Amino acid sequence: MQLSQPANILRFRKALLDWFETVRRPLPWRTERTVYRTVVSELMCQQTQIDTALPYFERWMRRFPGFEALAAADPDTVLKHWEGLGYYSRARNLQRLAQAIVAEGDHPKSAKDWQKLPGIGPYTAAAIASIHHAEPIAVVDGNVIRVCARLTADERSFKNGTEAGKQLGPIAQSLLNPEQTGAHNEAMMELGALVCRKANPGCLLCPVRDFCEAESNGNAAELPRLQRAKATEESVERVWVEAEGSILLQRIAAKGSQLQGLYELPMPRELGLSAKGKILAKEKRGIGNRRITESIRYRQADSADLKVAEADSSLVWADAEKLKQLPLSGPHRKWIQKHSAAAAGLNPK
DNA sequence: AATCCGGGGCC
DNA sequence: GGCCCAGGATT
């Protein structure tokens, strides 16, 4: 059936919503719907799979139950509750957003106004406004891009997701059900997540397969076509400096850095620390298209280390208790845990 | 328009 | 090992 015809668009909307009602996952921000819970869930789910965000969401709600509690919280505690989720600017933006809403005494009511708040872009603004204010605006995320590219059998090669969204957004907007704005948007994303998956799309079980040109062409799994940049390789030196059961950590202070406020093993070249010591481990992490190998050298603190640490306020000594409290980047917490036994073995106790 | 930002899941 | 995920901010 041609989706260009109005009568078929109405059929599409009904088939999608009927399906959604039967498979809709009882996610915690759906079963108890408040603006605050929606905002938190949307920020947490940006570039993050639902199942990964779920335990963070529950913890977050226990600790920061509403905009007021979040606005008044200690920023390090906020960051600590985001530890391991990545994209840490989301946590800072979420607190700034809460502070703005508390200061204003109310929250925005339109997508346009929501988008003025930190951390809220076109996608998130549309999601909140369609769910809570019945605004007829389509969300365009990775799921929706994939669904629309397949529905229309769009075989163009897009430079990136932004470019694809610009081209396919109007399709999503034309499909939007103006009487069920929130449910329709959620249904489109649910379809992409559960059926119209990137790999192994479940076309045989798809509620809107009759409307899908790619399915009739038999190439749904190949769409959309997105160009990708090649990965680059980098290496970074780290030092694991111990003194009396404490480890030296570096607080990332750079205001522009998205890692601002997080703690990591120090980068000696940045801090005037020596890079001496035996290599304890080489670990890898991926950030975007970068593949970074981090060489971690271990040593007992010498007098020069103590002097540098004393003079540089971004360096802190953390004992076991402090280590638990500080917000660390996910990989560094994991690596410190992983190698602490080996590091202890190097101590001449 | 291009680049940067994290970490995990999946094939 | 490459790709993607309920993207946004910055340059």
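What you see is a predicted model, and the numbers here were worked out from it, not measured in a lab. So that the names make sense, note that chain A is the first sequence line, chain B the second, and so on, each numbered from 1.
Arg30(A) comes within contact range of at least one nucleobase, with a heavy-atom separation under 4.0 Å. If you check every strand for non-hydrogen atoms under 4.0 Å, Ser329(A) touches sugar and phosphate atoms only. Residue contacts shown for Trp82(A) are absent, as no nucleic acid heavy atom lies under 4.0 Å away. When heavy atoms are screened at a 4.0 angstrom cut-off, Leu27(A) is found touching base atoms of the nucleic acid. Nucleic acid contact for Thr162(A): none, since no nucleic acid atom lies under 4.0 Å from a heavy atom of the residue. In this structure, Gly84(A) reaches the sugar-phosphate backbone alone: every heavy-atom distance under 4.0 Å involves primed, P, OP1 or OP2 atoms, never a base. Across all strands shown, Ile120(A) has heavy atoms under 4.0 Å from sugar-phosphate atoms exclusively, and none from any base.
The interatomic distance linking Gln227(A) (CD) with dG2(C) (P) rounds to 18 Å, in whole Å. Taking atom CG of Leu85(A) as the reference point, atom P of dG7(C) lies 13 Å away to the nearest angstrom. Here dG8(C) presents its C1' atom at 12 Å from CZ of Arg92(A), a figure rounded to the nearest Å. Look at CD on Glu190(A): it is 15 Å from P on dC5(C), rounded to the nearest Å. Nucleotide dA6(C) holds its C1' atom 12 Å from the CD1 atom of Ile145(A), rounded to whole Å. Arg146(A) has its CZ atom 11 Å from the C1' atom of dA6(C), to the nearest Å. Rounded to an integer number of Å, the gap from CZ of Arg225(A) to P of dC4(C) is 13 Å.
For Lys166(A), counting side-chain heavy atoms from C-beta on, the closest listed nucleotide (dA6(C), dA1(B), dG7(B)) is dA1(B). Each of dG6(B), dC5(C), dA2(B) was ranked by its minimum atom distance to the side chain of Gln49(A); first place goes to dC5(C). Picking from dA6(C), dA2(B), dG6(B) the nucleotide with the shortest atom distance to the side chain of Asp141(A) gives dA6(C). In this structure, the nucleotide among dG7(B), dA6(C), dC3(C) sitting nearest to the side chain of Pro331(A) is dG7(B). Proximity note for Pro122(A) (side chain, C-beta onward) versus dG8(C), dA6(C), dG2(C): the nearest is dG8(C).
The 5' end of DNA chain B is approached more closely, in terms of each residue's nearest nucleotide, by Arg285(A) than by the other of Arg285(A) and Asp51(A). Nearer to the 5' terminus of DNA chain B, by closest-nucleotide assignment, is the contact made by Asn160(A) (compared with the other of Asn160(A) and Ala199(A)). When the nearest nucleotides of DNA chain C are assigned to Ser89(A) and Glu42(A) by heavy-atom distance, the more 5′-ward of the two goes with Glu42(A).
Note: His107(A) and Trp114(A) have parallel aromatic rings, judged against thresholds of 30 and 60 degrees for the angle between ring planes.
Note on Asp210(A) versus Arg11(A): no salt bridge recorded, every NZ/NE/NH1/NH2 to OD/OE distance being 4.0 Å or above. The pair Glu294(A)-Arg285(A) meets the salt-bridge criterion, since a charged nitrogen lies less than 4.0 angstrom from a carboxylate oxygen. A salt bridge does not link Asp319(A) with Lys322(A): every distance from a Lys NZ or Arg NE/NH1/NH2 to an Asp or Glu carboxylate oxygen is 4.0 Å or more.
Rounded to whole Å, the separation between the C1' atoms of dT3(B) and dA6(C) comes to 22 Å. Between dG8(C) and dG9(B), the distance separating the two P atoms is 23 Å to the nearest Å.
Taking only side-chain nitrogens and oxygens, Gln46(A) never comes nearer than 4.0 Å to OP1 or OP2 of dG7(C). Close to dG1(C), at under 4.0 Å from its OP1 or OP2, lies no side-chain N or O of Lys284(A). Considering only side-chain N and O atoms, Arg90(A) lies nowhere under 4.0 angstrom from the phosphate OP1 or OP2 of dA9(C). Within the 4.0 Å cut-off from OP1 or OP2 of dA9(C), not a single side-chain nitrogen or oxygen of Lys116(A) is found. Between Tyr87(A) and the phosphate of dA9(C), there is no side-chain N or O to OP1/OP2 separation shorter than 4.0 Å.
Applying the side chain to side chain contact (heavy atoms under 4.5 Å, CB included) criterion to Thr34(A), with sequence neighbours excluded, gives Tyr36(A), Arg37(A).
Under the side chain to side chain contact (heavy atoms under 4.5 Å, CB included) test applied with Met188(A), the options Leu16(A), Val139(A), Asn143(A) reduce to a single match, Leu16(A).
Side-chain N/O atoms of Thr52(A) and base N/O atoms of dG9(B) include no donor-acceptor pair closer than 3.5 Å.
Leu205(A) and Val208(A) are not part of a single hydrophobic cluster, where members link through side-chain heavy atoms under 4.5 Å apart.
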